Amino acid sequence: MRTLLILGASGDLTGRLLLPGLGKLLAQGRTPGLQLVGAGSDDWTGQQWRDRVAGAFQDCTLQGNDEGARQLRLVQEGTAYHVLDVTAEGALAKLLADLEGPVAVFFALPPAVSQKACEVLQPSEVPEGTRLVLEKPFGTSLESAKNLNRTLLRLVPEENIHRVDHFLGKATVFNILGLRFANRLFEPVFNNLHVAKVEIFYDESLALEGRARYYDHAGALRDMIQSHLLQIMALTALNGPATLRERDLRDHIGSVLRASSVDPDYARSTRRARYTAGEINGRQIPDYTSESGIDPSRGTETLAEIEVSINNERWAGVPFVLRSGKALGRPQKEAIITFKPVNHLPTGFRGEQEPTRLRIGFGPETLRLEIEVNGPGDIFTLDRAVMEAELYSADLLPYGEVLEGVLTGGPLLSVRGDIAEDCWRIVEPVLQAWAENKVPLEEYPAGSYGPPEWDTSRDERPLG
Ligand code: NDP
């Protein structure tokens, strides 16, 4: 028997992502012998918790999978709830001692509470084999990430720490590796001889969705770029690992990030903006600063863009533009690899030569190759052709994959400590420059494509 202990049982992450992700995993019969335990400061009865679990599991499709049905039923009926203040000395230790191991402890808690809970735990109170699972944000700065790493490493070895980045559990994100390394076609041209620039966008039309308290302290750069987009960048840029085992892969991810930095001319290499009132799909969105829980003086950005250089032989000179924002008129979630023009276009072709582009969509999960061909009509005129495939839609929510890694002990889909620190090292000077107002905080109406001069509307057919 192994146990998944979720701290923060009543929270949003638990209800919206963890439990449905776990349900999908169980429904596929992939997690036999699991005990689920919830804990939180709410004075819930066991039945209230079981109802919450049942509610989250109800959409799990079984497709005639008897083993999946059995696992769902066993976990749902056998789950227990404990009222617990995780920051009280000895409280979490006592619960850990009572659980059947190995135990994966998922800290679905506010980050400061997770930190405190780990600080009050003593190494002798953590049974051997216990895994600690932490959510983003992993710290709020390089210094705090280092502190948190020290606190965690006092309790368990690095391989038992899972710093969750659920983007690594998204099939298409991880499949950047399959695309690059299982096809002869792409890998030989993934370098500065052939690539002009790489853009990684995660623009959402969602606004705050009730998460003002968290978001106003984070902003787009911390919330999305420091974590998820830098991981996607690393997967796009890493050298081919010998294996997909966690040490090989994470060494290569780490090597890319160690070579990465943002040019200190921040007014050129970064941009930030905040949305004002507007309309998205007929819905009125209030000005960001008038939302409840927002402190306008904090100057939090809801749209951020940075240009990262990867200073190694393969990528020197190629800009990696990372952008993410909220309340935009059009979701755009993709990596775009734009190739350089050919060295010599035979004289005689007419029309303007557009660059070849490979676009990897992260939701919906698509692949699109835009190329130049001889078009119909005049055979010497270049035309655009698009090859597009909707890739399978993943059966698991990203959290299903993440939880499977956590439960089987494989930290492949989590972020290693040194890598988490490097992500902070890359963005921290930008945060500092922004705090000192070295880069203006621009504005855009909710529902627009961002500030007009950002050129975010240049893309005729976005994915996602
Ligand atoms: P919530 O505020 O919704 O939930 C936090 C949970 O922690 C609540 O159940 C709360 O219980 C519990 N809690 C707080 N203090 C204590 C304590 N001393 N002892 C025991 N339980 C306590 O937060 P979220 O679920 O949104 O976020 C949790 C973590 O996940 C955060 O690190 C967040 O950054 C991260 N995350 C969240 C995402 C999301 O979509 N929600 C996405 C990605 C990451 P009570 O209310 O009873 O105090």
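Predicted model, so just to flag it, every value in this text is computed and none were measured. Atoms within each ligand, like the ligands themselves, are counted from 1 in listed order.
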Inset, instruction - Measure the distance from atom 2 (O) of ligand 1 to every protein heavy atom, then report the residue, atom name and distance (to 0.1 Å) of the closest one. - result: Arg213 NH2, 4.5 Å
Legend entry - Interfacing atoms of ligand 1 (cut-off 4.0 Å, heavy-atom, Pro111): 32 (O)
Inset, instruction - First locate atom CZ of Arg368, then atom CD1 of Ile360, and finally report the distance between them rounded to the nearest 0.5 Å. - result: 13.5 Å
Inset, instruction - Before signing off on this row, confirm whether Phe107 and ligand 1 have an N or O atom pair separated by under 3.5 Å. - result: no
Legend entry - Atoms of ligand 1 close to Asp42 [distance to a heavy atom under 4.0 angstrom, numbered from 1]: 47 (O)
Inset, instruction - Report yes if Gly11 has an N/O atom closer than 3.5 Å to an N/O atom of ligand 1; otherwise report no. - result: yes
Legend entry - Identity and distance of the protein heavy atom lying nearest atom 19 (N) of ligand 1: Val86 N, 3.1 Å
Legend entry - Reported CH2-to-OG1 distance for the pair Trp434 and Thr300, which is rounded to 0.5 angstrom: 11.0 Å
Legend entry - Whether His228 and Phe167 hold their rings parallel, tilted or perpendicular, with breakpoints at 30° and 60°: parallel
Inset, instruction - Give the residue and atom name of whichever protein heavy atom lies nearest to atom 32 (O) of ligand 1, and the separation in Å to one decimal. - result: Leu109 O, 3.1 Å
Legend entry - Residue pair Val37, Val103: steps toward the side chain to side chain contact (heavy atoms under 4.5 Å, CB included) verdict: CA-CA 10 Å; Val37 176; Val103 180; over 6 Å; no
Legend entry - Intermediate values then yes/no, salt bridge (charged side-chain N to carboxylate O under 4.0 Å, His left out), Arg274 and Glu301: CA-CA 5 Å; Arg274 184 165 72 180; Glu301 80 288 353; over 6 Å; no
Inset, instruction - Indicate yes or no: at least one non-hydrogen side-chain atom of Ser144 is less than 4.5 angstrom from one of Phe138. - result: no
Inset, instruction - For Val113, take its heavy atoms, then give the atoms of ligand 1 lying under 4.0 Å from any of them. - result: 15 (N), 16 (C), 17 (C), 18 (N)
Legend entry - Nearest-option assignment for atom 27 (O) of ligand 1, heavy atoms, candidates Leu13, Thr14, Asp12: Leu13
Legend entry - Basic-acidic side-chain contact under 4.0 Å: Arg70, Glu67: yes
Legend entry - Residue part near ligand 1, for Ser10, under 4.0 Å between non-hydrogen atoms: both
Inset, instruction - Mind checking whether Leu84 contacts ligand 1 via backbone (N, CA, C, O), side chain (CB onward), both or neither, at a 4.0 Å heavy-atom cut-off? - result: backbone
Legend entry - Options Lys136, His228, Glu135, Arg211, ranked by nearest heavy atom to atom 37 (C) of ligand 1, top entry: Arg211
Legend entry - The one among Asp85, Val164, Asp165 that brings a heavy atom closest to atom 18 (N) of ligand 1: Asp85
Inset, instruction - Return yes when atom CZ of Arg425 has more than 12 non-hydrogen atoms of other residues, nucleotides or ligands closer than 6.0 Å, and no otherwise. - result: yes
Legend entry - Close-contact set for ligand 1 against Ser41 heavy atoms, below 4.0 Å: 11 (O), 20 (C), 21 (N), 22 (C), 45 (P), 47 (O), 48 (O)
Legend entry - Mode of Arg16 contact toward ligand 1 - side chain, backbone, both, neither (heavy atoms, under 4.0 Å): side chain
Legend entry - Closer than 4.0 Å: a protein non-hydrogen atom to atom 7 (O) of ligand 1: yes
Legend entry - Ala108: numbered ligand 1 atoms lying under 4.0 Å from its heavy atoms: 5 (C), 6 (C), 7 (O), 28 (C)
Inset, instruction - Answer whether the closest heavy-atom distance between the side chains of Ile336 and Val198 falls below 4.5 Å. - result: no
Inset, instruction - Please round to the nearest 0.5 Å and tell me the distance separating atom CZ of Arg180 and atom CG of Asn175. - result: 13.0 Å
Inset, instruction - Mind telling me whether Phe190 and Trp315 have parallel, tilted or perpendicular rings, with 30° and 60° as the class edges? - result: perpendicular
Inset, instruction - Run the numbers for me: atoms of ligand 1, each under 4.0 Å from some heavy atom of Pro110, listed by number. - result: 5 (C), 7 (O), 14 (C)
